[in-house]
Amino acid sequence: MFSLESPQKPPKAEIGIASRILVVEDEELIREMLVMALEEEGYEVVAVNDGQAALSFLHEPEPSAGQYPFDLLILDLMLPQINGLDICRLLRHQGNPIPILILSAKGSETDRVLGLEVGADDYLTKPFSMRELIARTRALLRRQRLLESNKAASPPQPQVLQYKEITLYPLECRALVRGEEVSLAPKEFRLLELFMSYPRRVWTRDQLLDQIWGSDFVGDSKTVDVHIRWMREKIERDPSHPEYIVTIRGFGYRFG
């Protein structure tokens, strides 16, 4: 069912940095195999078997100055106590940007889209090979480091972005729509910030993936459509007839 074959030895935990990974899986055999494969690659791994224990690790110690206890969350969906989807929702509602890789035996398009909608960054269907899991792990960690590096090197952000009835406060990660504060997941916020920084520019899905998810994103481009649909429900008066995020058929999306 699962293969422990080592994914070609190179970059052990990349650049010599021991990234910390939290594995949440209730099946003991799978959990032990995941821990063995990840530790073999040089990662520091903590493994738990239920959702409540996962949240305890993710919330302690309390994040400060943008520092979180783990660099990646590998999350099964069917868990005791709290299921994986609810964990995703809660973390994104709290603004926790940790990359999340979902593992699930449910492999339909609807299930994958739902996982992405609630805030996961990638979705891997069981059964899977350890080679693929390690590749996706590396890609997610590499992309997160790139995003953090770009953020550190980027010029100061504007204090406020305003377009019609939408006001964005980039430094505070807050958005107001028609005077009311709306709750945006981290990638939704970054998408809206990008759109508002370049009003009326047309973005292709690939361009948006490069800008927000990173050039090495290994998931489906449909994740862009999912996030756009989710954003429309939060900022548009009538999501079926959007005035802000407009679909340009054959090209992509335009803001305004």
Could you check if a side-chain atom of [X] sits within less than 4.5 angstrom of a side-chain atom of [Y], using non-hydrogen atoms only?
| X | Y | answer |
| --- | --- | --- |
| Arg145 | Ser19 | yes |
| Arg20 | Pro69 | yes |
| Ile248 | Val246 | yes |
| Leu101 | Leu140 | yes |
| Leu103 | Leu77 | no |
| Ile134 | Arg138 | yes |
| Met78 | Lys106 | yes |

Side chains of [X] and [Y]: do they bring a donor and an acceptor to under 3.5 Å?
| X | Y | value |
| --- | --- | --- |
| Ser240 | Asp238 | yes |
| His59 | Gln94 | yes |
| Arg232 | Thr247 | yes |

Can you hop from [X] to [Y] via hydrophobic side chains spaced under 4.5 Å?
| X | Y | answer |
| --- | --- | --- |
| Val226 | Leu192 | no |
| Trp230 | Leu208 | no |
| Leu90 | Ile87 | yes |
| Val113 | Ile212 | no |
| Ile235 | Leu191 | yes |

Below 4.0 angstrom, N of the basic side chain to O of the carboxylate: do [X] and [Y] qualify?
| X | Y | answer |
| --- | --- | --- |
| Asp225 | Lys222 | no |
| Asp50 | Arg31 | no |
| Glu188 | Arg92 | no |
| Lys126 | Asp76 | yes |
| Arg136 | Asp122 | yes |

Donor-acceptor under 3.5 Å (Gln207 side chain, Thr204 main chain) | yes
N/O donor-acceptor pair under 3.5 Å between Gln52 side chain and Ile82 backbone | no
Taking atom CD of Glu233 as the centre, does the number of heavy atoms from other residues, nucleotides or ligands within less than 6.0 Å exceed 12?
->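 More than 12 heavy atoms, drawn from other residues, nucleotides or ligands, come within 6.0 Å of this atom.
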Is it true that atom CD of Glu28 has more than 12 heavy atoms of other residues, nucleotides or ligands lying nearer than 6.0 Å?
->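 Atom CD in Glu28 is not crowded, with 12 or fewer foreign heavy atoms closer than 6.0 Å.
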Pro97 and Gln144: which non-hydrogen atoms are nearest, and at how many Å?
-> O-NE2, 3.9 Å
Arg200 to Gly256 - nearest heavy-atom pair and separation | NH1-C, 3.0 Å
Separation between [atom1] of [X] and [atom2] of [Y], rounded to the nearest 0.5 Å:
| X | Y | atom1 | atom2 | value |
| --- | --- | --- | --- | --- |
| Thr110 | Glu117 | OG1 | CD | 9.5 Å |
| Leu91 | Leu55 | CG | CG | 6.5 Å |
| Leu161 | Thr167 | CG | OG1 | 9.5 Å |
| Asp111 | Leu116 | CG | CG | 11.0 Å |
| Arg174 | Glu181 | CZ | CD | 5.0 Å |

Would you sort out whether Phe251 and Arg205 count as a side-chain contact (heavy atoms from CB on, under 4.5 Å), showing the intermediate values?
-> CA-CA 8 Å; Phe251 293 95; Arg205 288 174 180 80; over 6 Å; no
Within 45° of the six-membered ring axis of Tyr123 and under 6.0 Å from that ring's centre, is NZ or CZ of Arg112 located there?
->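 The answer is no, since Arg112 fails at least one limit relative to Tyr123.
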Step by step, would you call Phe57 with Val46 a side-chain contact (heavy atoms from CB on, under 4.5 Å)?
-> CA-CA 9 Å; Phe57 274 103; Val46 174; 3.9 Å; yes
Give the C-alpha distance, both sets of side-chain angles, the deciding distance and a yes or no for side-chain contact (heavy atoms from CB on, under 4.5 Å) between Leu22 and Ile74.
-> CA-CA 6 Å; Leu22 178 62; Ile74 297 179; over 6 Å; no
Are Trp203 and Tyr198 close enough that their ring centers fall under 6.0 Å?
->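 Centroid separation for Trp203 and Tyr198: below 6.0 Å.
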When the aromatic ring centroids of Phe255 and Tyr163 are compared, is their separation below 6.0 Å?
-> yes
Just do the side-chain contact (heavy atoms from CB on, under 4.5 Å) check on Leu168 and Val160 with the steps written out, would you?
-> CA-CA 6 Å; Leu168 204 68; Val160 181; over 6 Å; no
